[in-house]
Amino acid sequence: MPSDEGERLQKVLAALGWGSRRVCEDLIAEGRVTVNGEVAELGRRVDTTVDDVAVDGVPIGARPGLVYYLLNKPRGVISTAHDPQGRPTVIDLVPGEPRVFPVGRLDGETEGLILLTNDGDLAHFLTHPSMGVDKEYVALLRGGSRLSEGELRRLRQGVDLDDGPTAPAKVGQRSDGTVVITIHEGRNRQVRRMFEAVGHDVERLVRVRIGPIVDGRLRPGAWRELSLDERRELIRAMAEAGRR
Ligand code: URA
């Protein structure tokens, strides 16, 4: 691969939880990192979907003890770790050990895909606004109402919310009236508030994609582990988002 393609090795390592970028640079400088079996030089770029990267012989993304779950959150389950009101939480739906926490939030009424992990570095990377990977939602509007062309345009361009304007979004209306909206920010109740800003209430909201992660077969309340490929794709998507 030409040296100016792919992601910087220390950035990939940091995103996968091997330490700060500085620490990861040291790992590389100390000759502890290999790419496709060869000791990597500082400044090396890699494509994690094809290159085999290892630290001290351990494949990256395979750090022992780290787990990555994908859950299909049902309506009425909240996505904080604890709820003072005693409502069911996403934590109740996945294995109790090791302890994990949700990556970002879905509001109580919103359904769909949410990641849970005990990998604090990855979670931090994934939720940092500058790293915001695309999140795709399907919305059903109250009363079966439909968006006009002007409303679609406003949503696409960005609308003013009380915490500031939203970034441009991808928005499309399907023939059954449901709206598919893709954003990369993660503000509280953002999609609902965007629709309210153009005069519509959301009746049902489902997150169907987080970056490259999709799963149309995971039933509400069910979870599964992310595959190594999915974790690699996620890192790639985050690195791309970081350049946006
Ligand atoms: N937008 C919302 O309105 N709710 C969510 O849970 C996520 C995005």
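Side chains are part of it too, since the values below use all heavy atoms of this structure and drop only hydrogens, waters and symmetry mates. All ligand and atom numbering here is 1-based and tracks the order in the structure.
- Between the side chain of K73 and the backbone N or O of I78, no donor-acceptor pair lies under 3.5 Å.
- Formation of a donor-acceptor pair under 3.5 Å by the E30 side chain with backbone atoms of L27 is not found in this model.
- Atoms of ligand 1 found under 4.0 Å from any heavy atom of R192 (numbered from 1 in listed order, with element): 2 (C), 3 (O).
- Although no hydrogens or angles enter the test, the distance criterion places no donor-acceptor pair under 3.5 Å between the side chain of R32 and the main chain of D56.
- Using a cutoff of 4.0 Å between basic side-chain nitrogens and carboxylate oxygens, E109 and R75 are scored as salt-bridged.
- Of all the atoms in ligand 1, the ones that sit under 4.0 Å from a non-hydrogen atom of Y137 are 7 (C), 8 (C).
- When each atom of ligand 1 is checked for a heavy atom of T110 under 4.0 Å away, the hits are 4 (N), 5 (C), 6 (O).
- Residue contact check: D107 has heavy atoms under 4.0 Å from atoms 2 (C), 3 (O), 4 (N), 5 (C), 6 (O) of ligand 1.
- Of the candidates E185, R189, M194, it is R189 that places a heavy atom closest to atom 2 (C) of ligand 1.
- For atom 1 (N) of ligand 1, the closest non-hydrogen atom of the protein is V191 N, 3.0 Å.
- By the criterion of a heavy-atom distance under 4.0 Å, neither the backbone nor the side chain of V202 is placed next to ligand 1.
- Using modelled atom types and a 3.5 Å distance limit, the side chains of D176 and T178 yield a donor-acceptor pair.
- Note: no N/O pair closer than 3.5 Å links L106 and ligand 1 by distance alone.
- At a threshold of 4.0 Å, the pair D163-R193 counts as salt-bridged, since one of the basic side-chain nitrogens sits closer than that to a carboxylate oxygen.
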